[in-house]
Amino acid sequence: MKRFFTAVVMLVVAVCAASAQAEIKFDALSQNVGTFSESSPVKTATYTFKNVGDQPLIINQAVASCGCTVPEYTKEPIAPGAKGEIKVTYNGKGKFPGHFKKTITVRTNGKVEMTRLYIEGDMTEAK
């Protein structure tokens with residue numbers, strides 16, 4: 001009987017520990033920086049998020065789909081209930097004018113390990 005009770009307690013503790021996790025929730029997954037001229041080709045978008053889980057959230061990496069897009073993010077753990085941001089800079093210098101849509105892949109220790117963010121806009125030819 002004592003072994004059974006110990007096994008049940010250990011099982012409950014293991015289940016509770018496994019269910020405790022960080023969870024990232026973004027305000028928006030896509031941002032449009034609008035229309036801009038290739039004479040000023042640098043645009044920035046900021047993606048805000050909140051850790052809605054009950055463990056600290058760690059962003060392991062944020063990787064853009066090309067070298068013209070650079071993400072910056074907090075390297076420190078984000079406490080449960082706290083907010084953070086990922087700042088993404090697009091540089092269209094040397095790129096062809098027109099519509100663009102770039103992807104930023106964010107990997108975390110959260111319940112959902114991978115999230116994709118999108119930045120898009122229209123660069124017009126300089127006159």
Pairs of donor and acceptor atoms involving the side chains of residues 112-127, under 3.5 Å and at least two apart or interchain, shall be tabulated with distances.
residue : atom : partner : partner atom : Å
Glu120  : OE1  : His99   : NE2          : 3.1
Asp122  : OD1  : His99   : ND1          : 3.1
Thr124  : OG1  : Phe36   : O            : 3.3

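- Taking each heavy atom of Gln31 and Thr46 in turn, the nearest pair found is NE2-O, 2.6 Å.
- Annotation: ring-ring contact (aromatic ring centres under 6.0 Å, His included) contacts of Tyr47 (sequence neighbours excluded): none.
- Lys102 NZ: more than 12 foreign heavy atoms inside a 6.0 Å radius.
- The stretch residues 65-127 participates, sequence neighbours left out, in these disulfide bond (SG atoms under 2.5 Å apart) pairs: Cys66-Cys68.
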Could you please spell out the steps behind the side-chain contact (heavy atoms from CB on, under 4.5 Å) verdict for Tyr90 and Lys95?
CA-CA 11 Å; Tyr90 171 79; Lys95 303 292 180 194; 4.0 Å; yes
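- Among pairs with a residue in residues 96-127, none fulfils disulfide bond (SG atoms under 2.5 Å apart), at least two apart in sequence or across chains.
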Apply side-chain contact (heavy atoms from CB on, under 4.5 Å) to Thr44 and Lys87, showing your working.
CA-CA 7 Å; Thr44 302; Lys87 182 179 169 184; 3.5 Å; yes
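- No single ILVMFWY cluster, assembled from side-chain heavy atoms under 4.5 Å apart, contains both Val88 and Val63.
- A distance-only check finds a donor-acceptor pair linking the side chain of Asn51 to the backbone of Glu23 [under 3.5 Å].
- Residues passing the side-chain hydrogen bond (donor to acceptor under 3.5 Å, both in side chains) test with Ser37, sequence neighbours excluded: Ser39.
- Listed by first then second residue, pairs satisfying side chain to side chain donor-acceptor pair (under 3.5 Å) with a partner in residues 60-82 read Gln61-Arg107, not counting sequence neighbours.
- Here the straight-line distance linking atom CG of Asp54 with atom CD of Gln21 works out to 8.5 Å at 0.5 Å rounding.
- Contacts classified as disulfide bond (SG atoms under 2.5 Å apart) and involving residues 98-127 (residues at least two apart or in different chains) are not found.
- The side chain to side chain contact (heavy atoms under 4.5 Å, CB included) search around Val70 returns none, not counting sequence neighbours.
- The heavy-atom pair separating Ala62 from Pro71 by the smallest distance is O-CG, 3.3 Å.
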Stepwise side-chain contact (heavy atoms from CB on, under 4.5 Å) check, Thr108 with Phe49:
CA-CA 12 Å; Thr108 70; Phe49 62 87; over 6 Å; no
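- Residues forming a side chain to side chain contact (heavy atoms under 4.5 Å, CB included) with Asn109 (at least two apart in sequence, or on another chain): Ala22, Leu57, Ile58.
- Partners of Ala82 by side chain to side chain contact (heavy atoms under 4.5 Å, CB included), not counting sequence neighbours, listed by chain and number: Ile78, Ala79.
- In this view, Thr35 satisfies the side-chain hydrogen bond (donor to acceptor under 3.5 Å, both in side chains) rule with no residue, not counting sequence neighbours.
- Residue pairs meeting the disulfide bond (SG atoms under 2.5 Å apart) criterion with at least one member in residues 84-120: none, sequence neighbours excluded.
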